[in-house]
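Below is one structure, written out as structure tokens; the observations come after it.
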Amino acid sequence: MMIDVAVLLGSKSDRDIAEKTIEIFDRFDIDYTIEVASAHRTPARVIEIINNAHESGVRVFIAIAGLAAHLPGGGASHTTRPVIGVPVKAALDGMDALLSIARMPAGITVACVGIGRGENAAILAARIIATGDKEPGDKLAAHRMELAEQSLQDSQTLFETAGIN
């Protein structure tokens, strides 16, 4: 079975963020797998997951991690496929994780989304996949139209609920 995206969680406490990715993948019919693997506690398992993902045809990795947040960068050092890091608000309001993911050395790149923004990581993964697959691209376009319509609706109803014209 071909898997489009492999999602790696540094620990099971990152589940809420992973659920945001799942909602997007299910909506866009993107095949995914989710694993818990720590860059520090189980580094050999991280490498094994990445190697198995390559065999499954994974096109994008999402790595969700807090604190030192080495999972995205550690994972990126074992693949040439895109890696998207999602920092977790575990300490220092997540700034430690954000900076750890965003400040990668030259040559080992990791895309970084906002703290806790699993849905944005999933959208970015879908955009990457859409470069070679029309269906996710069409679904992304429809999703953007929904966002635009919601924004217009919010604008129209903002003051109506407060009784202001």
Side-chain angles (χ1 to χ4, degrees), residues 1-133 135-137 139-140 143 147:
M1 182 171 136
M2 296 291 285
I3 303 292
D4 294 314
V5 182
V7 181
L8 304 175
L9 287 71
S11 75
K12 71 177 185 176
S13 64
D14 303 332
R15 180 181 173 167
D16 291 345
I17 296 171
E19 288 175 352
K20 295 176 187 179
T21 68
I22 291 168
E23 289 174 19
I24 297 295
F25 294 147
D26 288 346
R27 181 173 181 185
F28 292 171
D29 295 321
I30 292 174
D31 294 320
Y32 60 90
T33 183
I34 298 182
E35 301 276 353
V36 174
S38 169
H40 301 110
R41 295 182 187 107
T42 60
R45 178 167 160 67
V46 172
I47 295 168
E48 178 184 352
I49 290 168
I50 290 171
N51 288 338
N52 290 340
H54 288 158
E55 292 173 16
S56 298
V58 165
R59 297 193 261 179
V60 182
F61 291 90
I62 294 176
I64 303 169
L67 301 171
H70 288 159
L71 185 59
S77 70
H78 296 286
T79 186
T80 56
R81 307 218 174 123
V83 175
I84 304 166
V86 183
V88 174
K89 184 178 179 177
L92 302 176
D93 288 328
M95 289 302 296
D96 50 345
L98 178 95
L99 293 173
S100 179
I101 295 168
R103 300 280 301 157
M104 291 298 298
I108 307 297
T109 59
V110 174
C112 184
V113 297
I115 298 167
R117 299 311 298 252
E119 71 280 11
N120 281 350
I123 293 288
L124 181 53
R127 291 178 73 178
I128 292 167
I129 292 165
T131 62
D133 190 337
E135 187 176 343
K139 291 181 180 183
L140 280 165
H143 177 70
L147 294 174

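Numbering of residues begins at 1 and proceeds along the displayed sequence. Owing to the predicted nature of the structure, the values given are computational and were not obtained by experimental measurement.
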Counting only heavy atoms not in R81 (residues, nucleotides, ligands), do more than 12 fall under 6.0 Å from its CZ? yes
Looking at CD1 of I47 and CG of N52, how far apart are the two atoms once the value is rounded to the nearest 0.5 Å? 12.0 Å
Between I129 and V60, does a side-chain contact (heavy atoms from CB on, under 4.5 Å) hold up when you go through it step by step? CA-CA 8 Å; I129 292 165; V60 182; 4.2 Å; yes
With a 4.5 Å cut-off on side-chain heavy atoms, are H143 and I123 touching? yes
Check I30 against A126 and note the closest heavy-atom contact, atom names and distance. CD1-CB, 3.6 Å
Is a side-chain N or O of N51 found less than 3.5 angstrom from the main chain of E48, in a donor-acceptor match? no
Heavy-atom closest contact (L98 atom, V113 atom, distance): CD1-O, 4.0 Å
Which value, rounded to the nearest 0.5 Å, describes the distance between I101 atom CD1 and H70 atom NE2? 10.0 Å
Can you give me the closest heavy-atom contact between A91 and D96, atom names plus distance? O-OD1, 2.9 Å
Could you tell me which non-hydrogen atom of V110 sits nearest to which non-hydrogen atom of A76, and how far apart they are? CG2-CB, 3.7 Å
Are side-chain heavy atoms of I64 and L71 found at a separation under 4.5 Å? no
Using every non-hydrogen atom in the two residues, find where A39 and P43 come nearest and quote the distance to one decimal. O-CB, 3.5 Å
Kindly check if the number of other-residue, nucleotide or ligand heavy atoms within 6.0 Å of NZ (K89) is above 12? no
Evaluate the side-chain proximity of R127 to L140: yes if any heavy-atom separation is below 4.5 Å, no if none is. yes
I want to check something: taking the side chain as every heavy atom from C-beta on, are F25 and V5 in contact at a cut-off of under 4.5 Å? yes
So does D4 get a backbone contact from the side chain of D31, meaning a donor-acceptor N/O pair under 3.5 Å? no
Hey, mind stepping through T33 and I49 against side-chain contact (heavy atoms from CB on, under 4.5 Å) and telling me if it holds? CA-CA 10 Å; T33 183; I49 290 168; over 6 Å; no
Taking everything shown except R27 itself, do over 12 heavy atoms lie less than 6.0 Å from its CZ? yes
Can a donor-acceptor pair be found, under 3.5 Å and without considering hydrogens, that links the side chain of S100 to the backbone of A68? yes
How far apart are the C-alpha atoms of T79 and H54, what are their side-chain angles, what is the distance that settles it, and do they pass the side-chain contact (heavy atoms from CB on, under 4.5 Å) test? CA-CA 8 Å; T79 186; H54 288 158; 2.7 Å; yes
Locate the shortest heavy-atom distance separating A111 from L124; write the atom from each residue and the value. CB-CD2, 4.0 Å
If only atom types and distance count, is the side chain of K20 paired as donor or acceptor with the main-chain N or O of G116 below 3.5 Å? yes
